[in-house]
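Heavy-atom basis, side chains included; hydrogens, waters and symmetry copies ignored. Given the structure is predicted, the values throughout are model-derived calculations rather than measurements. By convention in this document, chain letters (A, B, ...) are assigned in the order of the sequence lines, proteins followed by strands, and residues within each chain are numbered from 1.
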Amino acid sequence: MTSASEKVRVRFAPSPTGYLHIGGVRTALFNWLFARHHKGQFILRIEDTDRSRSTEESIQTILDGMRWLGLDWDEGPVRQMDRLNLYKEHADRLLKKGAAYFCTCTPEELDARRKEAQAKKRTPRYDGRCRDHKGPLPDRPAAVRFKTPQTGQTIVEDLVKGRVQFDNAQLDDLIMLRSDGVPTYNFGVVVDDSVMAITHVIRGDDHLNNTPRQIQIYHALGYPLPKFAHLSMILGPDKSRLSKRHGATSVTEYHDQGYLPEALINYLARLGWSHGDQEVFSREELIEKFSFENVVSSPAVFNPEKLLWLNSHYIHEGDTGRLADLLQPFLVGEGVAEGRDASLLPKVIPALQTRSRTLVEMAQGAACFFKDAIEMDAPAQAKFLTPEIRPLLMELIERLNTASAFTASEMETVFKNVMDEKGIKLSKLAQPVRVALTGRTVSPGIYEVMEILGKDRSLQRLKKAIDLIPSDITK
RNA sequence: GUCCCCAUCGUCUAGCCCGGCCUAGGACAUCGCCCUUUCACGGCGGUAACGGGGGUUCAAAUCCCCCUGGGGACACCA
């Protein structure tokens with residue numbers, strides 16, 4: 001598709017003003033997939049020119065998130081604040097050409113005019129009053145504005161949206177350099193994308209309106225245009241732009257809630273892109289199959305349920321050893337002392353894989369195998385550890401004591417015998433035992449649980465459970 | 001207020017570009033059944049959509065126009 005001479009170079013350019021947003025991740029992912037598909041380069045650029053809001057901490061969060069998801073970059077992170085002279089040089093070029101000019105309007109003045117326009121329901125727009133200012137350079141701090149062509153049209157050929165037309169009369173003169181010499185977004189991107197030889201600008205479609213202005217800057221600078229691809233927004237359930245009030249929107253939260261990176265990647269890839277009816281994709285398949293041909297142009301509602309389903313899918317299929325590693329911190333989170341009885345993990349994890357949708361759930365289910373004192377779920381206790389079950393449990397303990405071996409199959413035999421003799425169903429016995437042994441109503445198969453726990457701990461817990469049963473004075 | 005984008009089941013989407021194979025397919029969720037003398041997993045089946053109106057055409061989810069609805073942008077934020 002793309003010849004070797006025009007090697008694909010794309011970039012993800014977040015502004016470090018907060019956490020790494022799920023929408024940002026999707027943009028990063030599409031960039032990354034496109035780069036990897038074309039064996040091109042993926043570059044990370046930090047757009048930190050908003051000095052009041054950018055933080056080091058945020059940069060760190062972004063890098064961590066990218067690493068967690070395996071979105072590795074080939075160059076960077078490049079920081080815009082490290083290259084101020086680059087923007088200044090470019091601004092000077094335009095100033096010299098007469099394609100830009102100094103503007104001495106103060107932010108306060110501009111703000112007041114804008115507010116007034118909005119109040120009068122008029123289009124807020126810079127009126128160009130400094131545009132034709134002649135004479136000596138201003139003696140007070142001045143911003144540099146771009147002299148946007150006021151006639152004709154600018155056409156954006158977009159890989160996702162198609163051909164989009166804008167009247168230049170619609171555009172006003174944007175500020176390129178603030179009065180302190182720091183570039184604004186629209187100027188910074190153009191300079192950097194040009195200098196960094198970016199071939200495809202893939203970003204959120206909230207930037208589509210900025211594109212004609214940027215195209216004019218490319219023209220003025222004499223730089224070739226990259227290809228553009230504007231991805232539709234990710235929406236919340238109420239169809240407004242996905243934000244914090246819709247729930248978790250930061251990658252960190254998904255990590256902390258026990259999601260697997262491959263689940264998030266898979267989910268986000270399918271949000272706005274498809275490959276026929278396929279739902280589950282490995283990273284390699286994604287790289288192989290990704291193309292803008294199949295990127296959808298309409299916005300998509302974020303569906304946490306489906307993400308959860310994918311996560312459970314990947315947990316079901318996951319490699320035990322890897323899951324064991326990933327689970328570790330979550331076990332600690334459940335109060336299991338670090339590095340404890342790690343030898344049980346190879347048995348515990350497979351037993352829990354089909355009943356855990358997240359690593360948090362898995363850790364919750366696993367905790368009872370590692371702790372001395374289990375946490376008893378109160379409703380479960382009330383429901384299943386009842387006086388009428390006491391004799392059955394006592395009988396069971398008796399039999400287990402004399403069981404030849406403490407294996408799952410032997411357990412089954414013991415249970416069978418009790419059931420036959422007492423004429424009860426397994427469900428009658430299994431749930432109370434489950435609660436006694438794990439403190440919960442959901443656990444691996446009950447025989448399996450006993451085998452993993454072993455004879456001593458199993459019997460101990462059963463006895464303890466009997467002690468918890470209220471005495472049967474009413475009967 | 002101006003400009004831009006978008007419009008298939010509740011949700012993600014296939015189909016649309018190159019009209020007929022669409023009595024519109026898949027997935028998540030939901031409902032029901034089955035499997036399991038345990039909790040899950042799993043299997044099977046059901047409910048559910050082309051926003052409205054005009055064209056064009058023998059034929060429109062598919063092409064054109066309008067309306068409506070939703071989203072976004074209009075900063076010395078990005």
**Asked** Taking the P atom of each, how far is B:U8 from B:G45, in whole Å?
**Response** 27 Å
**Request:** Indicate, with a heavy-atom threshold strictly under 4.0 Å, whether A:Gly272 touches base, sugar-phosphate, or nothing.
**Result:** sugar-phosphate
**Request:** May I have the distance from A:Leu159 (atom CG) to B:C5 (atom P), rounded to whole angstrom?
**Result:** 16 Å
**Item:** Least distance between heavy atoms, A:Pro77 atom then A:Leu63 atom
**Value:** CG-CD2, 4.2 Å
**Message:** Between B:G69 and B:C50, how many Å separate the two C1' atoms, rounded to a whole number?
**Reply:** 16 Å
**Message:** Does A:Ser297 contact B:C6 through a side-chain donor or acceptor facing the base, at a distance under 3.5 Å?
**Reply:** no
**Asked** Looking only at atom P, what distance separates B:G26 and B:C63, rounded to whole Å?
**Response** 23 Å
**Message:** Taking only the P atom of each, what is the distance from B:A14 to B:U30 in whole angstrom?
**Reply:** 24 Å
**Message:** Using the ring centroid of each side chain, check whether A:Phe292 and A:His200 are separated by less than 6.0 Å.
**Reply:** no
**Fill in**
Mate of B:U2 across any strand shown (Watson-Crick or G-U wobble, both atom pairs under 3.5 Å) is B:A73
**Message:** Need the pair for B:A59. Rule: Watson-Crick or G-U wobble, both distances under 3.5 Å, any strand; none if unpaired.
**Reply:** none
**Request:** Please report, rounded to the nearest Å, how far the P atom of B:U38 is from the CG atom of A:Leu426.
**Result:** 5 Å
**Message:** What's the gap between B:A48 and B:C16 when it is taken at their P atoms, as a whole Å value?
**Reply:** 25 Å
**Asked** How far does the P atom of B:A60 sit from the matching atom of B:C67, given to the nearest Å?
**Response** 24 Å
I'd like a table of donor-acceptor pairs (distance under 3.5 Å, sequence neighbours excluded) in which one partner is a side-chain atom from residues 257-265 of chain A, with atom names and distances.
{"from": "A:Glu262", "atom 1": "OE1", "to": "A:Arg322", "atom 2": "NH2", "distance (Å)": "3.0"}
{"from": "A:Glu262", "atom 1": "OE2", "to": "A:Arg322", "atom 2": "NH1", "distance (Å)": "2.7"}
{"from": "A:Glu262", "atom 1": "OE2", "to": "A:Arg322", "atom 2": "NH2", "distance (Å)": "3.4"}

**Where A:Ile452 and A:Val348 come nearest, the two heavy atoms and their spacing** = CG2-CG2, 3.9 Å
**Rounded distance in Å between the C1' positions of B:G32 and B:G72** = 43 Å
**Request:** Return the value, rounded to whole Å, for the distance between atom NE2 of A:His313 and atom P of B:A29.
**Result:** 13 Å
**Request:** Identify the heavy atoms of A:Ser250 and A:Tyr19 that sit nearest to each other, and give their distance.
**Result:** CB-CD1, 2.9 Å
**Message:** Is there a side-chain contact between A:Arg114 and the phosphate of B:A75, meaning an N or O under 4.0 Å from OP1 or OP2?
**Reply:** yes
**Nucleotide paired to B:C44 in any strand shown, Watson-Crick or G-U, under 3.5 Å** = B:G32
**Message:** Check this one for me: any side-chain N or O of A:Thr49 less than 4.0 Å away from OP1 or OP2 of B:A78?
**Reply:** yes
**Item:** A:Asp277 (side chain) and B:G25 (base): donor-acceptor pair under 3.5 Å
**Value:** yes
**Message:** Below the 4.0 Å mark, does B:A14 have OP1 or OP2 next to a side-chain nitrogen or oxygen of A:Arg270?
**Reply:** no
**Message:** From C-beta outward on A:Asp206, which listed nucleotide comes closest to its side chain: B:A73, B:U13, B:U38?
**Reply:** B:A73
**Atom P, compared across B:U62 and B:G54: separation rounded to whole Å** = 14 Å
**Item:** Face-on cation placement of A:Arg145 at A:Tyr126 ring, 6.0 Å and 45° thresholds
**Value:** yes
**Prompt:** Counting only distance, no hydrogens or angles, is the base of B:G26 paired donor-acceptor with the side chain of A:Gln278 under 3.5 Å?
**Reply:** no
**Message:** Is A:Lys306 close enough to B:U13 that one of its side-chain N or O atoms is under 4.0 Å from OP1 or OP2 there?
**Reply:** no
**Over 12 non-hydrogen atoms of neighbours within 6.0 angstrom of CD in A:Glu57** = no
**Request:** Would you mind pulling out the nucleotide paired to B:A14, Watson-Crick or G-U wobble, both distances under 3.5 Å?
**Result:** none
**Side-chain donor or acceptor of A:Asn266 paired with backbone N/O of A:Phe281 under 3.5 Å** = yes
**Request:** Within residues 78-90 of chain A, find the residues that approach RNA chain B with a heavy atom at under 4.0 Å, and present them sorted by residue number.
**Result:** none
**Item:** Base paired to B:A7 (Watson-Crick or G-U; both N/O distances under 3.5 angstrom)
**Value:** B:U68
**Complete:** To the nearest angstrom, the CG-C1' distance between A:Leu235 and B:C5 comes to 12 Å
**Message:** Within the 4.5 Å heavy-atom criterion, are A:Met176 and A:Val191 side-chain neighbours or not?
**Reply:** no
**Asked** Think A:Thr123 has a side-chain N or O under 4.0 angstrom from the OP1 or OP2 of B:G1?
**Response** no
